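Sequence lines set the chain letters: A, B, ... in the order given, protein chains first and strands last, and positions in each chain run from 1. Computed from a predicted structure; not experimentally measured.
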Amino acid sequence: MAGFFGIDFLYQGFDDAYPVAQCPNILKPKHLIVEKSVHATPEKAGLTDGWSDLHVKPHSLLKGWLYTQILGLGYAARMVWDVFRPGPQLLAIEKLSELNAHTQLHLLRENDEPDAEGRLLGFSYAEMADKIEGLLRTIGLTDRFAPIVAVIAHGSSSTNNPHFAAYDCGACSGKPGAPNARAFAWMANNSAVRALLRERGIAIPETTAFIAALHNTSRDEMTYLDQALFSAYPQDSLAALQTAMQEALRKNALERCRWFELAPKAKTCDKAHAHVVTRATSIFEPRPELNHSNNLYCVVGRRALTQQLFMDRRAFLHSYNPNTDHDGKTINRILSAVIPVCGGINLEYLFSRIDNSVYGAGTKLPHNVIGLLGVANGVEGDLRTGLPSQMIEVHEPARLLIVIEQTTALLDKAFAELNPDLVEWLNNAWVRLAACDPVTRDISLYQATGWEAVAGLTDGQVPTATSSEQIIANQTQTIPVHVLRRAA
Amino acid sequence: MFSVIVRYCRHYLHREYGYKRFFITIFGFALGLNIVVLSGSIDMLFAGWEIIGVSSFLLIAFYRHRVQPVRNALRAYTVYRFCDIGLLLGAWMSHLLFHESDHFSQLAVLFKDNSTSPASLAALWLMSVLIFTAACGKSAQFPFCFWLPRAMEGPTPSSAIFYGALSVHLGVFLLLRTTPIWSYHLVTQASLFSIGLLTVVIASMAEKTQSNIKGQVAYASITQVGLMFMELALGLENLVLLHFLGNAFLRCYQLLVSPSIVAHMLRIEGAIDTDNSLALPAMRKRLPVSIRDTLPGVLQNTLYVFALQEGNLELIVRAVFWSPLKRFGAGFNALTTRYRLSLVMLLILPWPLLVQLGWASSAIYAIPAVVIMVLASLSAFSQKQFLWTWHAVALSSLSAAFAVWLLQPGVLVDVLLFLSGIVPSWLIGYWLLLRLPNPENYRDAPFAYRALAEIRPVRAFGLLVSFLGLAGFPITPAFIGEDLLLYHASHQFAWIAGLIAVSFVLNGIAIARVYLRVCMGKPLEISGIRSQAIG
């Protein structure tokens, strides 16, 4: 799970001056969530009093004269240190993605009076149950709950990078999704919410715990949120989850490293992981990560559909149970998220790649931050839109292919109810859509004029391999889908 | 510092288009810097100075596809070139005044004996003015502050090392080197102090209204350099050295981490109710409430607009220095050939008559050549056609050489030395300009960007070399010849040396424009390779 988890709200973090929307740009959230310290006396470090920030503060003429003479030489040492020994001590983006463990979200609404700006402070139990039910039904998780359900948001940390928001969660308006994950886990663990859900037919067993985490996609690290509550969770499952997650992150780092030319030549998970961490903390790194640069598929269906497939990190995977969606309402709900979010991400890369100087932001190396609004190439000139060339250079221009595990008949019925704006995406082929029949696995491609049968590849036509390491070895381009088969 | 930047760039420019070009240029800069620092006399220093100027010019225009960096490169180059008059004539004067003992270390000895001055006061004043001009241009001091922020067009680390750290302090370095010359008299010290003061006033105000981070750092740096000028004028050389180092490292670091400003401002917002730097300035808080806002609104707005327009320095400089020359040249170019010829005849013919009548010596024959030189330079300066400009510049240089030969027939060897650099550069450049791709679209857009660097990189490099040669850059003997010409010219008429120097400067700017127009720009791929005007 990723994104904003269907919970849209304004979020005011512990240190924030004002709340920001944690939901897609098109939604106007009505609820305000405030993060509070669990300690009685909040320790607020005077961030701007520190000596380390002198070079970013405005000074009067006299102070500037004094500081330049006295401290200027110190910056020689600092510059050498930052360039030769990159580390996280610089101005990293730590505000939202590296959350303080000593806080909690104020989620439960105590009274229904909206505040001066018409916002409701928190959610009621019924609203929480709506949100949780909505998401669980969408992904088809309504029974057979595991002991631990991880709610993992994503964010990214990078250094000296004005484009950092482009690396965070697009469904959270360019911010890490950690608050949403925390909110979701809190709500799904709440006994009052669970009681309401039980009435609506989703029985979450007592033994199941939801835990929130944040995947730092540039450093490939997992931050488990609200760890204070962990002692109540089944310990062995938790440990198993964390171990598996760690292994997955290390392998992910290795697979990502094949796109970085300066990555270590020896291809081991440890070196790869150390390399991606260095990338995120170096002041001279224009490519902390490459994001969704090459995402091409979006597979909506049961996970068995993509089981044992190597997809080269190019797929958005959305769970969906075709058998419980009788009227097409669920698939419409999924599509109204998948088409604008995944399609939007794909088109953003596509257009920035097609003409980087017009639709994209050009190379980011000369970029100059203007008025904290955007970047321009020099001191004057147009603000640049789109993605910089460093983010799109490995993108192979192609439109997103959405594959839905559902019958064409039901999809036709669903599309009749779908928002006409989204149908335009499909009819004008801004995204391509195919249906995979749940039973026969026949594939039909959606056209404005009707479905067109497509011959799928037979087993022999798909390349096979025994491990992903074997596939990615010495590959520098995108790799077609492979079937993974364990060595006999 | 240079090694830190190079190490930084290895990653930062990784996979960037023009990676090699960047490193070649930045190493060229390092070479120039070393020459400047290690040089013993103004001549040698001038060679390094020129190399720095050209590498700076090439790095500003690093992103040559877009028109803005190219324009700003020319803007910086124009200021550099103008201020080169200072060094060019300064080198000549140092020969004239100090003869063989023009080594920096000997200067101090010359001036040690306070009772006798090595030169007349007027000559020293003139020399000081020349040095100040050179220093002000390179260090973006009053009235040339405007070019520095606009030069931030290359990759961030190149801006950091040039305009944050090293290049911008060269003016201070020059002043430190030549301290005995300009500190000799109170008037020159006072004028240096006022240059610094004016700069500090304008730059510190302009800094506050800059909407972008690099512009802020640039003006902060200019302010500090202005303070250094003031310290120098007060004779605080050791303080200047400390200040110099501190400012260089601080600004370099600030520019390198300038993209972090977004993250930093988010953190400031986070600490909004702690004491933060967005609050009232301390000075204002200390004022009694009653007079805090007494500055009249009109004055406030005026000051604000003044700061926003950066003191209007660019307009002033253009109106004072460039527009009259350009207008004259454009007027001359607008004449038909017949009128042009008659005008030239009118200016040339009277002089031989004077000699015939016995009213003047034969050296006055040089004056017609000087007239042609000036007219050719002005014509080139305001002409917008590649070949015309190229030939006019060559004609101007040849006339200068001819004039000097007429003045001093005995120095033919030195004149030939000068020509041995100029003539090949001219002819190679001419040959390359004749063979530009797609000559048929000259007529529609005679001065359009033609992106030769992209289409025919080797020829573009050839054109760069011939441009540098024709401009008297230290890669051909013409660089030494230039200095010698000035030296010989001044034996008869000192003002001719001045005119020659001005012509050289105009020529340099004119052919820099030709080079930019021919080589820079974006090739548009419509029916094969065909270059077009940008925007």
K.L.:
Assess the residue pair Asn160(A) and Ser260(B) against the criterion (side-chain hydrogen bond (donor to acceptor under 3.5 Å, both in side chains)); give the C-alpha distance rounded to whole Å, side-chain angles, the decisive distance to 0.1 Å, and a yes or no.
P.N.:
CA-CA 4 Å; Asn160(A) 208 17; Ser260(B) 304; 2.8 Å; yes
K.L.:
Say whether, by atom type as modelled, one donor and one acceptor occur between the side chain of Ser352(A) and the main chain of Leu387(A) under 3.5 angstrom.
P.N.:
yes
K.L.:
Say you draw a straight line from NE2 of His395(A) to CG of Asn291(A); how long is it, rounded to the nearest 0.5 Å?
P.N.:
12.5 Å
K.L.:
In terms of heavy-atom pairs under 4.5 Å with chain B, which of Val375(A), Leu373(A), Leu262(A) leads?
P.N.:
Leu262(A)
K.L.:
Tell me, for Glu153(B) versus chain A, whether the close heavy atoms (under 4.5 Å) come from the side chain, the backbone, both or neither.
P.N.:
both
K.L.:
Evaluate the ring planes of Phe62(B) and Phe22(B), with Trp represented by its six-membered ring, and classify them as parallel (under 30°), tilted (30 to 60°) or perpendicular (over 60°).
P.N.:
perpendicular
K.L.:
Is a side-chain N or O of Gln68(B) found less than 3.5 angstrom from the main chain of Glu380(A), in a donor-acceptor match?
P.N.:
yes
K.L.:
With a strict 4.5 Å heavy-atom criterion, list every residue of residues 237-247 of chain B that contacts chain A, or say none.
P.N.:
Leu239(B), Leu242(B), His243(B), Leu245(B), Gly246(B), Asn247(B)
K.L.:
Report yes or no: is the cationic atom of Arg279(A) (NZ for Lys, CZ for Arg) under 6.0 Å from the centre of the six-membered ring of Phe260(A), at an angle within 45° of the ring normal?
P.N.:
yes
K.L.:
Centroid-to-centroid, Phe23(B) to Tyr19(B), below 6.0 Å?
P.N.:
yes
K.L.:
Should the pair Tyr8(B) and Phe284(A) be assigned to parallel (<30°), tilted (30 to 60°) or perpendicular (>60°) ring geometry?
P.N.:
perpendicular
K.L.:
For chain A, find its close neighbours in residues 211-220 of chain B: heavy-atom separation under 4.5 Å, sorted by number, or none.
P.N.:
Ser211(B), Asn212(B), Ile213(B), Lys214(B), Gly215(B)
K.L.:
Which region of Leu256(B), side chain (C-beta onward) or backbone (N, CA, C, O), has a non-hydrogen atom less than 4.5 Å from a non-hydrogen atom of chain A, or is it both or neither?
P.N.:
both
K.L.:
Relative to chain B, which of Lys364(A), Glu285(A), Arg287(A), His367(A) shows the most heavy atom pairs under 4.5 Å?
P.N.:
Arg287(A)
K.L.:
By side chain to side chain donor-acceptor pair (under 3.5 Å), which residues pair with Trp65(A), not counting sequence neighbours?
P.N.:
Glu231(B)
K.L.:
Counting heavy-atom pairs under 4.5 Å to chain A, which of Arg150(B), Met1(B), Arg15(B) comes out on top?
P.N.:
Arg15(B)
K.L.:
Who passes ring pair (Phe, Tyr, Trp, His ring centres under 6.0 Å) against Phe142(B), sequence neighbours left out?
P.N.:
none
K.L.:
If you count heavy atoms of other groups shown closer than 6.0 angstrom to CZ of Arg75(B), is the number above 12?
P.N.:
yes
K.L.:
Heavy-atom cut-off 4.5 Å, strictly under: side chain, backbone, both or neither for Cys9(B) against chain A?
P.N.:
neither
K.L.:
Would His163(A) and Gln390(A) count as a side chain to side chain contact (heavy atoms under 4.5 Å, CB included) here? Give the steps.
P.N.:
CA-CA 11 Å; His163(A) 300 274; Gln390(A) 279 79 6; over 6 Å; no
K.L.:
Only pairs of heavy atoms separated by less than 4.5 Å count here; which of Ile5(B), Thr223(B), Thr156(B), Val200(B) has the most with chain A?
P.N.:
Thr156(B)
K.L.:
Evaluate the side-chain hydrogen bond (donor to acceptor under 3.5 Å, both in side chains) criterion for residues Gln210(B) and Glu310(B): first the C-alpha distance (whole Å), next the side-chain angles of each, then the deciding distance (0.1 Å), finally the verdict.
P.N.:
CA-CA 9 Å; Gln210(B) 284 288 308; Glu310(B) 299 157 35; 3.1 Å; yes
K.L.:
Between Val369(A), Leu73(A), Ile370(A), who has the most heavy-atom pairs with chain B when the cutoff is under 4.5 Å?
P.N.:
Val369(A)
